[in-house]
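To start, the structure itself, in C-alpha coordinates.
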2 protein chains.
Amino acid sequence: MPRPRHDTEELVTALGLLVRRLRAERAAHDLGWTEAAVIGRLGRGGASTIAELARLENVKPQSMGATIAALEEAGLVQRKPHPSDRRQALIELSAAGVALRKDVREAKRAWLQQAIGRLDPAERDTLFAAGEIMARLAQS
Amino acid sequence: MPRPRHDTEELVTALGLLVRRLRAERAAHDLGWTEAAVIGRLGRGGASTIAELARLENVKPQSMGATIAALEEAGLVQRKPHPSDRRQALIELSAAGVALRKDVREAKRAWLQQAIGRLDPAERDTLFAAGEIMARLAQS
DNA sequence: TATTGTTATACTCTATAACTATA
DNA sequence: TATAGTTATAGAGTATAACAATA
(Lines give C-alpha, C1' and ligand atoms only; values in the text may rest on other atoms or scores of the structure.)
Protein backbone atom coordinates (compact mmCIF):
# COMPACT_ATOMS: atom_id res chain seq x y z
CA MET A 1 0.00 0.00 0.00
CA PRO A 2 2.79 2.40 0.62
CA ARG A 3 4.75 4.57 -1.73
CA PRO A 4 2.09 6.78 -3.29
CA ARG A 5 4.58 9.63 -3.02
CA HIS A 6 7.28 7.61 -4.70
CA ASP A 7 4.85 6.51 -7.39
CA THR A 8 3.85 10.08 -8.04
CA GLU A 9 7.47 10.99 -8.62
CA GLU A 10 7.77 8.13 -11.08
CA LEU A 11 4.57 9.14 -12.82
CA VAL A 12 5.87 12.66 -13.35
CA THR A 13 9.14 11.22 -14.66
CA ALA A 14 7.28 8.95 -17.06
CA LEU A 15 5.16 11.85 -18.31
CA GLY A 16 8.28 13.89 -18.97
CA LEU A 17 9.98 11.06 -20.81
CA LEU A 18 6.99 10.36 -23.01
CA VAL A 19 6.37 14.01 -23.79
CA ARG A 20 9.98 14.53 -24.82
CA ARG A 21 9.86 11.37 -26.89
CA LEU A 22 6.72 12.54 -28.66
CA ARG A 23 8.21 15.96 -29.26
CA ALA A 24 11.24 14.39 -30.91
CA GLU A 25 8.96 12.33 -33.13
CA ARG A 26 7.07 15.32 -34.45
CA ALA A 27 7.93 16.01 -38.06
CA ALA A 28 8.93 19.51 -39.09
CA HIS A 29 5.79 20.13 -41.13
CA ASP A 30 3.64 19.08 -38.21
CA LEU A 31 1.43 21.17 -36.03
CA GLY A 32 2.55 21.94 -32.51
CA TRP A 33 0.91 20.15 -29.63
CA THR A 34 -1.42 22.91 -28.55
CA GLU A 35 -2.12 23.81 -32.16
CA ALA A 36 -3.20 20.26 -32.90
CA ALA A 37 -5.34 20.20 -29.77
CA VAL A 38 -7.09 23.39 -30.87
CA ILE A 39 -7.67 22.11 -34.40
CA GLY A 40 -9.12 18.91 -33.00
CA ARG A 41 -11.32 20.73 -30.53
CA LEU A 42 -12.68 23.15 -33.14
CA GLY A 43 -13.34 20.21 -35.42
CA ARG A 44 -15.25 18.32 -32.77
CA GLY A 45 -16.97 21.17 -30.99
CA GLY A 46 -17.34 23.93 -33.55
CA ALA A 47 -16.49 27.60 -33.23
CA SER A 48 -15.19 28.93 -29.92
CA THR A 49 -13.51 32.01 -28.46
CA ILE A 50 -9.91 32.56 -27.44
CA ALA A 51 -10.78 32.81 -23.75
CA GLU A 52 -12.80 29.60 -23.89
CA LEU A 53 -10.08 27.71 -25.71
CA ALA A 54 -7.48 28.97 -23.24
CA ARG A 55 -9.55 27.72 -20.33
CA LEU A 56 -10.13 24.33 -21.93
CA GLU A 57 -6.47 23.82 -22.80
CA ASN A 58 -5.03 25.07 -19.52
CA VAL A 59 -3.11 28.06 -20.86
CA LYS A 60 -3.44 31.80 -20.37
CA PRO A 61 -5.64 33.72 -22.83
CA GLN A 62 -2.59 35.63 -24.13
CA SER A 63 -0.83 32.36 -24.88
CA MET A 64 -3.86 31.04 -26.69
CA GLY A 65 -4.00 34.33 -28.58
CA ALA A 66 -0.53 33.63 -29.91
CA THR A 67 -1.49 30.08 -30.86
CA ILE A 68 -4.59 31.27 -32.69
CA ALA A 69 -2.62 34.01 -34.44
CA ALA A 70 -0.19 31.37 -35.74
CA LEU A 71 -3.04 29.14 -36.94
CA GLU A 72 -4.71 32.13 -38.55
CA GLU A 73 -1.50 33.09 -40.30
CA ALA A 74 -1.26 29.53 -41.61
CA GLY A 75 -4.81 29.85 -42.93
CA LEU A 76 -6.15 27.01 -40.78
CA VAL A 77 -8.65 29.02 -38.74
CA GLN A 78 -10.59 32.19 -39.32
CA ARG A 79 -12.47 34.71 -37.25
CA LYS A 80 -16.12 35.51 -37.40
CA PRO A 81 -17.78 38.24 -35.34
CA HIS A 82 -19.65 37.20 -32.27
CA PRO A 83 -23.35 37.85 -32.87
CA SER A 84 -24.05 39.70 -29.64
CA ASP A 85 -20.72 40.66 -28.02
CA ARG A 86 -18.40 42.70 -30.15
CA ARG A 87 -15.45 42.11 -27.81
CA GLN A 88 -15.35 38.45 -28.65
CA ALA A 89 -14.25 36.77 -31.84
CA LEU A 90 -15.46 33.33 -32.74
CA ILE A 91 -12.66 31.13 -34.03
CA GLU A 92 -13.57 28.43 -36.51
CA LEU A 93 -11.76 26.05 -38.82
CA SER A 94 -11.18 27.28 -42.36
CA ALA A 95 -11.65 24.89 -45.28
CA ALA A 96 -7.90 24.22 -45.14
CA GLY A 97 -8.18 23.55 -41.40
CA VAL A 98 -10.95 21.02 -41.95
CA ALA A 99 -8.89 19.29 -44.61
CA LEU A 100 -5.74 19.32 -42.51
CA ARG A 101 -7.56 17.90 -39.54
CA LYS A 102 -8.18 14.68 -41.43
CA ASP A 103 -4.50 14.40 -42.29
CA VAL A 104 -3.50 15.18 -38.75
CA ARG A 105 -5.72 12.44 -37.40
CA GLU A 106 -4.33 9.98 -39.91
CA ALA A 107 -0.67 10.83 -39.89
CA LYS A 108 0.14 12.50 -36.61
CA ARG A 109 1.39 10.58 -33.62
CA ALA A 110 2.14 7.72 -35.97
CA TRP A 111 4.96 6.66 -33.75
CA LEU A 112 2.77 6.49 -30.65
CA GLN A 113 0.04 4.68 -32.55
CA GLN A 114 2.45 2.02 -33.66
CA ALA A 115 4.15 1.72 -30.27
CA ILE A 116 0.77 1.29 -28.59
CA GLY A 117 -0.14 -1.31 -31.16
CA ARG A 118 2.66 -3.50 -29.88
CA LEU A 119 1.43 -3.48 -26.30
CA ASP A 120 -0.60 -6.22 -24.68
CA PRO A 121 -4.30 -5.56 -25.01
CA ALA A 122 -4.49 -5.31 -21.23
CA GLU A 123 -1.73 -2.71 -21.16
CA ARG A 124 -3.46 -0.78 -23.89
CA ASP A 125 -6.64 -0.73 -21.84
CA THR A 126 -4.71 0.47 -18.82
CA LEU A 127 -3.11 3.23 -20.83
CA PHE A 128 -6.36 4.48 -22.33
CA ALA A 129 -8.13 4.28 -18.98
CA ALA A 130 -5.30 6.33 -17.50
CA GLY A 131 -5.78 8.83 -20.31
CA GLU A 132 -9.31 9.50 -19.12
CA ILE A 133 -8.14 9.81 -15.53
CA MET A 134 -5.37 12.21 -16.51
CA ALA A 135 -7.78 14.38 -18.46
CA ARG A 136 -10.01 14.54 -15.40
CA LEU A 137 -7.09 15.36 -13.12
CA ALA A 138 -5.96 18.09 -15.48
CA GLN A 139 -9.28 19.81 -15.23
CA SER A 140 -9.83 19.48 -11.51
CA MET B 1 -12.65 -3.35 -30.01
CA PRO B 2 -12.35 -0.55 -32.45
CA ARG B 3 -11.18 2.97 -31.92
CA PRO B 4 -7.55 2.49 -30.95
CA ARG B 5 -6.76 5.44 -33.21
CA HIS B 6 -9.38 7.59 -31.61
CA ASP B 7 -8.16 6.59 -28.17
CA THR B 8 -4.61 7.48 -29.10
CA GLU B 9 -5.73 10.95 -30.06
CA GLU B 10 -7.47 11.30 -26.72
CA LEU B 11 -4.43 10.02 -24.88
CA VAL B 12 -2.23 12.64 -26.50
CA THR B 13 -4.79 15.29 -25.64
CA ALA B 14 -4.89 14.15 -22.03
CA LEU B 15 -1.10 14.17 -21.82
CA GLY B 16 -1.01 17.72 -23.13
CA LEU B 17 -3.66 18.89 -20.71
CA LEU B 18 -1.97 17.33 -17.72
CA VAL B 19 1.47 18.60 -18.66
CA ARG B 20 0.19 22.15 -19.06
CA ARG B 21 -1.68 21.88 -15.78
CA LEU B 22 1.47 20.71 -14.00
CA ARG B 23 3.51 23.47 -15.58
CA ALA B 24 1.06 26.06 -14.30
CA GLU B 25 1.34 24.57 -10.83
CA ARG B 26 5.10 24.90 -10.67
CA ALA B 27 6.17 27.65 -8.29
CA ALA B 28 8.65 30.25 -9.44
CA HIS B 29 11.44 29.00 -7.20
CA ASP B 30 10.94 25.48 -8.45
CA LEU B 31 13.18 23.40 -10.62
CA GLY B 32 12.20 22.88 -14.24
CA TRP B 33 10.88 19.52 -15.29
CA THR B 34 14.05 18.17 -16.85
CA GLU B 35 16.13 19.69 -14.08
CA ALA B 36 14.09 17.88 -11.46
CA ALA B 37 14.37 14.65 -13.43
CA VAL B 38 18.15 15.00 -13.55
CA ILE B 39 18.42 15.77 -9.83
CA GLY B 40 16.29 12.73 -9.06
CA ARG B 41 18.26 10.50 -11.35
CA LEU B 42 21.61 11.59 -9.97
CA GLY B 43 20.25 11.07 -6.47
CA ARG B 44 19.09 7.55 -7.24
CA GLY B 45 21.82 6.41 -9.59
CA GLY B 46 24.89 8.40 -8.64
CA ALA B 47 27.25 10.30 -10.90
CA SER B 48 26.72 10.22 -14.65
CA THR B 49 27.86 12.01 -17.80
CA ILE B 50 26.06 14.56 -19.92
CA ALA B 51 25.75 12.20 -22.88
CA GLU B 52 24.34 9.45 -20.68
CA LEU B 53 21.83 11.76 -19.03
CA ALA B 54 20.77 13.08 -22.43
CA ARG B 55 20.13 9.57 -23.65
CA LEU B 56 18.17 8.60 -20.55
CA GLU B 57 16.00 11.71 -20.62
CA ASN B 58 15.33 11.72 -24.36
CA VAL B 59 17.02 15.00 -25.22
CA LYS B 60 20.06 15.94 -27.30
CA PRO B 61 23.42 16.14 -25.55
CA GLN B 62 23.61 19.90 -26.21
CA SER B 63 20.25 20.40 -24.54
CA MET B 64 21.35 18.38 -21.55
CA GLY B 65 24.54 20.44 -21.49
CA ALA B 66 22.45 23.56 -21.04
CA THR B 67 20.40 21.92 -18.29
CA ILE B 68 23.54 20.82 -16.45
CA ALA B 69 25.11 24.26 -16.85
CA ALA B 70 22.04 25.80 -15.20
CA LEU B 71 22.13 23.31 -12.34
CA GLU B 72 25.85 23.89 -11.94
CA GLU B 73 25.34 27.64 -11.84
CA ALA B 74 22.73 27.12 -9.14
CA GLY B 75 25.27 25.08 -7.19
CA LEU B 76 23.18 21.90 -7.25
CA VAL B 77 25.58 19.70 -9.20
CA GLN B 78 29.33 19.64 -9.65
CA ARG B 79 31.80 18.12 -12.05
CA LYS B 80 34.45 15.60 -11.26
CA PRO B 81 37.01 14.37 -13.78
CA HIS B 82 36.41 11.01 -15.34
CA PRO B 83 39.08 8.64 -14.09
CA SER B 84 40.14 7.27 -17.46
CA ASP B 85 38.67 9.49 -20.21
CA ARG B 86 39.54 13.13 -20.05
CA ARG B 87 36.85 14.07 -22.55
CA GLN B 88 34.09 13.12 -20.18
CA ALA B 89 32.97 14.89 -17.04
CA LEU B 90 31.13 13.05 -14.31
CA ILE B 91 28.22 15.05 -12.98
CA GLU B 92 27.23 14.50 -9.36
CA LEU B 93 24.95 16.15 -6.85
CA SER B 94 26.55 18.79 -4.62
CA ALA B 95 25.69 18.93 -0.93
CA ALA B 96 23.08 21.56 -1.81
CA GLY B 97 21.72 19.28 -4.53
CA VAL B 98 21.35 16.40 -2.09
CA ALA B 99 19.57 18.66 0.37
CA LEU B 100 17.32 20.15 -2.28
CA ARG B 101 16.39 16.75 -3.56
CA LYS B 102 14.69 15.95 -0.26
CA ASP B 103 12.71 19.18 -0.45
CA VAL B 104 11.81 18.53 -4.05
CA ARG B 105 10.50 15.10 -3.21
CA GLU B 106 8.49 16.50 -0.33
CA ALA B 107 7.16 19.71 -1.79
CA LYS B 108 7.19 19.41 -5.54
CA ARG B 109 4.20 18.19 -7.47
CA ALA B 110 2.21 18.86 -4.34
CA TRP B 111 -0.80 19.57 -6.44
CA LEU B 112 -0.57 16.27 -8.33
CA GLN B 113 0.01 14.36 -5.11
CA GLN B 114 -3.12 15.81 -3.58
CA ALA B 115 -5.19 15.37 -6.74
CA ILE B 116 -4.13 11.74 -6.97
CA GLY B 117 -4.99 11.30 -3.33
CA ARG B 118 -8.60 12.05 -4.13
CA LEU B 119 -8.90 9.32 -6.75
CA ASP B 120 -10.38 5.90 -6.18
CA PRO B 121 -7.73 3.38 -5.19
CA ALA B 122 -8.48 1.50 -8.40
CA GLU B 123 -7.97 4.62 -10.49
CA ARG B 124 -4.74 5.33 -8.68
CA ASP B 125 -3.51 1.85 -9.51
CA THR B 126 -4.46 2.35 -13.14
CA LEU B 127 -2.61 5.63 -13.24
CA PHE B 128 0.58 4.28 -11.72
CA ALA B 129 0.46 1.19 -13.91
CA ALA B 130 0.09 3.46 -16.93
CA GLY B 131 3.11 5.40 -15.68
CA GLU B 132 5.25 2.30 -16.00
CA ILE B 133 3.86 1.58 -19.45
CA MET B 134 4.51 5.14 -20.59
CA ALA B 135 8.08 5.03 -19.33
CA ARG B 136 8.59 1.84 -21.32
CA LEU B 137 6.98 3.33 -24.44
CA ALA B 138 9.15 6.41 -24.12
CA GLN B 139 12.28 4.32 -24.22
CA SER B 140 11.28 1.94 -26.98
C1' DT C 1 -15.91 47.64 -12.89
C1' DA C 2 -15.33 43.32 -15.31
C1' DT C 3 -14.29 40.89 -19.47
C1' DT C 4 -12.14 40.06 -24.12
C1' DG C 5 -8.53 40.52 -26.66
C1' DT C 6 -3.84 42.69 -28.22
C1' DT C 7 0.90 44.14 -27.79
C1' DA C 8 5.41 44.05 -25.74
C1' DT C 9 8.72 41.55 -23.47
C1' DA C 10 11.02 37.73 -21.34
C1' DC C 11 11.87 32.99 -19.79
C1' DT C 12 12.27 27.85 -20.30
C1' DC C 13 13.26 24.10 -22.99
C1' DT C 14 14.87 22.13 -26.83
C1' DA C 15 16.94 21.98 -31.53
C1' DT C 16 20.70 22.31 -35.29
C1' DA C 17 25.25 23.59 -36.71
C1' DA C 18 30.00 24.38 -36.09
C1' DC C 19 33.70 24.01 -33.14
C1' DT C 20 37.56 22.04 -29.68
C1' DA C 21 39.69 18.46 -27.20
C1' DT C 22 40.48 13.80 -26.50
C1' DA C 23 40.36 8.89 -27.80
C1' DT D 1 37.64 8.94 -37.58
C1' DA D 2 34.67 8.82 -33.63
C1' DT D 3 33.12 10.58 -29.25
C1' DA D 4 32.32 14.14 -25.34
C1' DG D 5 31.46 18.43 -24.63
C1' DT D 6 30.94 23.69 -25.67
C1' DT D 7 29.35 27.77 -28.02
C1' DA D 8 26.27 30.27 -30.96
C1' DT D 9 21.89 30.79 -32.71
C1' DA D 10 17.05 29.92 -33.34
C1' DG D 11 12.34 28.40 -32.60
C1' DA D 12 8.21 26.83 -29.98
C1' DG D 13 5.49 27.54 -26.19
C1' DT D 14 4.25 29.89 -22.41
C1' DA D 15 4.22 33.72 -18.85
C1' DT D 16 3.46 38.54 -16.87
C1' DA D 17 2.32 43.35 -17.46
C1' DA D 18 0.12 47.15 -19.57
C1' DC D 19 -3.24 48.56 -22.68
C1' DA D 20 -7.77 49.32 -25.67
C1' DA D 21 -12.41 48.22 -26.61
C1' DT D 22 -16.68 46.67 -25.12
C1' DA D 23 -20.10 45.11 -21.73
Side-chain angles (χ1 to χ4, degrees), chain A residues 12 15-39 47-74 77-91 138, chain B residues 12 15-39 47-74 77-91 138:
Chain A
V12 171
L15 285 172
L17 282 171
L18 188 54
V19 165
R20 286 192 290 267
R21 184 68 169 80
L22 282 170
R23 175 161 30 219
E25 205 61 31
R26 206 176 70 200
H29 68 284
D30 240 347
L31 291 177
W33 203 316
T34 306
E35 290 174 347
V38 167
I39 293 285
S48 184
T49 66
I50 289 181
E52 171 81 354
L53 289 169
R55 191 179 60 70
L56 291 169
E57 295 295 336
N58 281 337
V59 296
K60 299 296 174 196
Q62 298 97 316
S63 304
M64 183 54 71
T67 298
I68 295 298
L71 289 173
E72 200 177 9
E73 175 130 11
V77 304
Q78 56 202 13
R79 284 157 200 264
K80 148 174 102 165
H82 191 283
S84 62
D85 184 343
R86 274 186 302 163
R87 289 173 309 181
Q88 299 183 44
L90 282 171
I91 312 297
Chain B
V12 171
L15 284 172
L17 282 172
L18 188 53
V19 164
R20 287 193 290 269
R21 184 67 171 78
L22 282 169
R23 174 159 31 217
E25 206 61 32
R26 206 176 71 201
H29 68 285
D30 240 346
L31 291 177
W33 202 315
T34 305
E35 289 173 347
V38 168
I39 293 285
S48 183
T49 67
I50 289 181
E52 171 80 355
L53 290 169
R55 192 179 60 69
L56 291 170
E57 295 295 336
N58 280 336
V59 297
K60 301 295 176 198
Q62 299 97 314
S63 303
M64 184 54 71
T67 298
I68 295 298
L71 289 173
E72 199 176 12
E73 175 130 14
V77 304
Q78 57 202 12
R79 283 156 202 266
K80 155 173 95 166
H82 190 284
S84 63
D85 184 341
R86 274 185 302 163
R87 290 172 307 179
Q88 299 184 44
L90 283 171
I91 311 296

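When reading the values below, keep in mind they use all heavy atoms of this one structure, side chains included, and skip hydrogens, waters and symmetry mates.
- Within the 4.0 angstrom heavy-atom criterion, no nucleotide atom of any strand lies near B:A69.
- Put simply, the side chain of B:R79 reaches to within 4.5 Å of the side chain of B:I91, judged on heavy atoms.
- For A:R87 against C:dT3, a side-chain-to-base donor-acceptor contact under 3.5 Å is present.
- Close to C:dT12, at under 4.0 Å from its OP1 or OP2, lies no side-chain N or O of A:R20.
- If you take CE on B:M64 and CG on B:N58, they are separated by 9.5 Å, rounding to the nearest 0.5 Å.
- The nearest whole Å value for the distance from the CD atom in B:Q62 to the P atom in D:dT3 is 15 Å.
- Residue A:R86 places at least one side-chain N or O closer than 4.0 Å to OP1 or OP2 of D:dA23.
- Note on A:S63: every side-chain N or O is 4.0 Å or more away from OP1 and OP2 of D:dG13.
- Between the side chain of B:R20 and the backbone N or O of A:E57 there is at least one donor-acceptor pair closer than 3.5 Å.
- With the nearest nucleotide of DNA chain D identified for both B:A51 and A:T67, B:A51 has the one nearer the 5' end.
- A:L53 has its CG atom 9 Å from the P atom of C:dG5, to the nearest Å.
- Counting non-hydrogen atoms under 4.0 angstrom, A:A70 reaches nothing in the nucleic acid.
- What separates CG of A:D85 from P of D:dT22 is a distance of 10 Å, to the nearest Å.
- One interatomic measurement links the two molecules: CD1 of A:I68 to P of D:dT14, which rounds to 12 Å at whole-angstrom precision.
- Rounded to whole Å, atom P of C:dA15 lies 12 Å from atom CD of B:E57.
- Protein atom CZ of B:R21 is 21 Å distant from nucleotide atom P of D:dG13, rounded to whole Å.
- Here the options are A:V59, A:V38, A:T67, the test is side-chain contact (heavy atoms from CB on, under 4.5 Å), and the partner is A:L53; only A:V38 passes.
- To the nearest angstrom, C1' of D:dT14 lies 13 Å from CD of A:E35.
- A:K60 places its NZ atom 16 Å from the P atom of D:dA18, with the value rounded to the nearest Å.
- A close approach under 4.0 Å does occur between a side-chain nitrogen or oxygen of A:T34 and OP1 or OP2 of D:dT14.
- Within the 4.0 Å cut-off from OP1 or OP2 of C:dT6, at least one side-chain nitrogen or oxygen of A:R79 is found.
- The two residues B:W33 and A:V12 come nearest to each other via the heavy atoms NE1-O, 3.3 Å.
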